Amino acid sequence: MQSCLSLKLSELRKARPATIPERFVRDMTERPTPATALQSPNTVPIIDFSRLVRGNKDEYESEMLQLTRACEEWGFFQVINHGIDLSLLESIEKVAEDFFVLPLEEKQKYPMLPGTVQGYGQAFVFSEDQKLDWCNMFALGLEPHFIRVPKLWPAKPLKFSETVEVYSGEVRKLCQHLLEYIAMTLNLRADFFEEMFGVAVQAIRMNYYPPCARPDLVLGLSPHSDGSALTVLQQGKGGSVGLQILKDNKWMPIQPAPNAFVINIGDTLEVLTNGKYKSVEHRAVTHKEKDRLSIVTFYAPSYEIELGPIPELVDENNPCKYRTYNHGEYSKHYVTSKLQGKKTLEFAKVESKKPT
């Protein structure tokens, strides 16, 4: 089924049909509304990473307040001056673009099998009648090494694997540093999450959204929250504004700042912070004329870790909202479920007791 789906979307990219195949047409309640499409893109809080690392006292304190507000009120923020060489960002974008324009028979050497999230195709598809996202993906597990599937690492384009390795190493360090500052916003030790996570799990996913003649009928990516602790998004230059987040029950388009990463809180941090920092539903929409490329990194604790609210963040005013569970089991649950808002986190919620 997966190779057939990939073939269909690849053909659509070339043909640019005026009529959208029924598998992609969303129910009325799911479609992007004209009002949403016309809204001006909004800028989520921007964190100047250099001010956290080497700013003076006032700059540091100001940026920490901004980070706290971003985590509490948005669940999303952008990071500028992150210290990762801009030529590396260009390189990862180039190899991703070069991969997606390869002949279909070449990309199909690396199929994403049903129930998995590594390889080329469409993830989270479990039935023949399920509506499809207007998107092709290529995903790889990175760390720890045992999650890698070597046969899915492509031989073409040249330097693909080498570029992914270097890029992912830099993004991993950024995630580790961001979690240090996030820990401190919670009055925890800077190394709290690093010690707790063990050998953190990391994966990369490249998303390609072709132009669509009827962007009002389809979704590039279904609404969902991420199962990670942190997610790091790099958007390809010159692409359409595709990312939207659910804020105050409205879909808000997000315009990435130049050379910035868009960071979002995942389900794992929501549980660990006992709901103080929440994961946020987000989705991708398409554009009539422009395509869009995004490169997404997911960073999460080791699969062996038992996750539950951090004791320091639970008290009589903030009772425990989530049960303790194994992160590996949750990850299996996540990748074998359809993308449906925050539904995958429901199993972890503790039902509040009603007063008698």
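Note that this is a predicted model, so its numbers are computed, not measured. Side-chain atoms are counted along with the backbone in the values below, which use heavy atoms only and exclude waters and symmetry mates.
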>> Which residue in the set Ile254, Leu243, Ile263 passes side-chain contact (heavy atoms from CB on, under 4.5 Å) when paired with Val44?
In response: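 So, applying the side-chain contact (heavy atoms from CB on, under 4.5 Å) to Val44 and each of Ile254, Leu243, Ile263, only Ile254 qualifies.
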> Between the side chains of Glu281 and Ser225, does any donor sit under 3.5 Å from an acceptor?
Replying inline: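 There is no such pair (donor and acceptor under 3.5 Å, judged by atom type) between the side chains of Glu281 and Ser225.
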> Can you find a side-chain donor-acceptor pair between Arg205 and Thr231 that sits under 3.5 Å?
Replying inline: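 Distance-only check fails for Arg205 and Thr231.
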> How long is the span from the CD1 atom in Ile265 to the CH2 atom in Trp74, to the nearest 0.5 Å?
Replying inline: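 Atom-to-atom, Ile265:CD1 and Trp74:CH2 are 14.0 Å apart.
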>> Distance check, rounded to the nearest 0.5 Å: Leu272 atom CG versus Met196 atom CE?
In response: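 Here the rounded value is 4.5 Å.
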Is the side chain of [X] donor-acceptor paired with the backbone N or O of [Y] at a distance under 3.5 Å, no angle test?
{"X": "Arg51", "Y": "Glu63", "answer": "no"}
{"X": "Asp291", "Y": "Pro211", "answer": "no"}
{"X": "Lys109", "Y": "Glu106", "answer": "no"}
{"X": "Asp248", "Y": "Lys250", "answer": "no"}
{"X": "Asn274", "Y": "Pro319", "answer": "yes"}
{"X": "Glu59", "Y": "Arg54", "answer": "no"}
{"X": "Gln244", "Y": "Trp251", "answer": "no"}
{"X": "Gln118", "Y": "Leu152", "answer": "no"}
{"X": "Gln234", "Y": "Leu89", "answer": "yes"}

Classify the ring geometry between [X] and [Y] as parallel (under 30°), tilted (30 to 60°) or perpendicular (over 60°).
{"X": "Tyr120", "Y": "Phe99", "result": "perpendicular"}
{"X": "Tyr299", "Y": "Phe197", "result": "tilted"}
{"X": "Phe138", "Y": "Phe160", "result": "perpendicular"}
{"X": "His282", "Y": "His224", "result": "tilted"}

> Are Glu170 and Lys173 ion-paired here, with the side-chain N under 4.0 Å from a carboxylate O?
Replying inline: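 Salt bridge present between Glu170 and Lys173.
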Output side-chain donor-acceptor pairs under 3.5 Å for residues 177-186, partner residues at least two apart or in another chain, one line each.
| from | atom 1 | to | atom 2 | distance (Å) |
| --- | --- | --- | --- | --- |
| Tyr181 | OH | Leu52 | O | 3.4 |
| Thr185 | OG1 | Ile182 | O | 2.6 |
| Thr185 | OG1 | Tyr277 | OH | 2.7 |

> Would one find more than 12 heavy atoms of other residues, nucleotides or ligands at under 6.0 Å from atom NZ of Lys94?
Replying inline: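 Count not over threshold, so no.
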> Looking at side-chain heavy atoms only, is the closest gap between Asp58 and Tyr60 below 4.5 Å?
Replying inline: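 Heavy-atom side-chain distance check fails, nothing below 4.5 Å.
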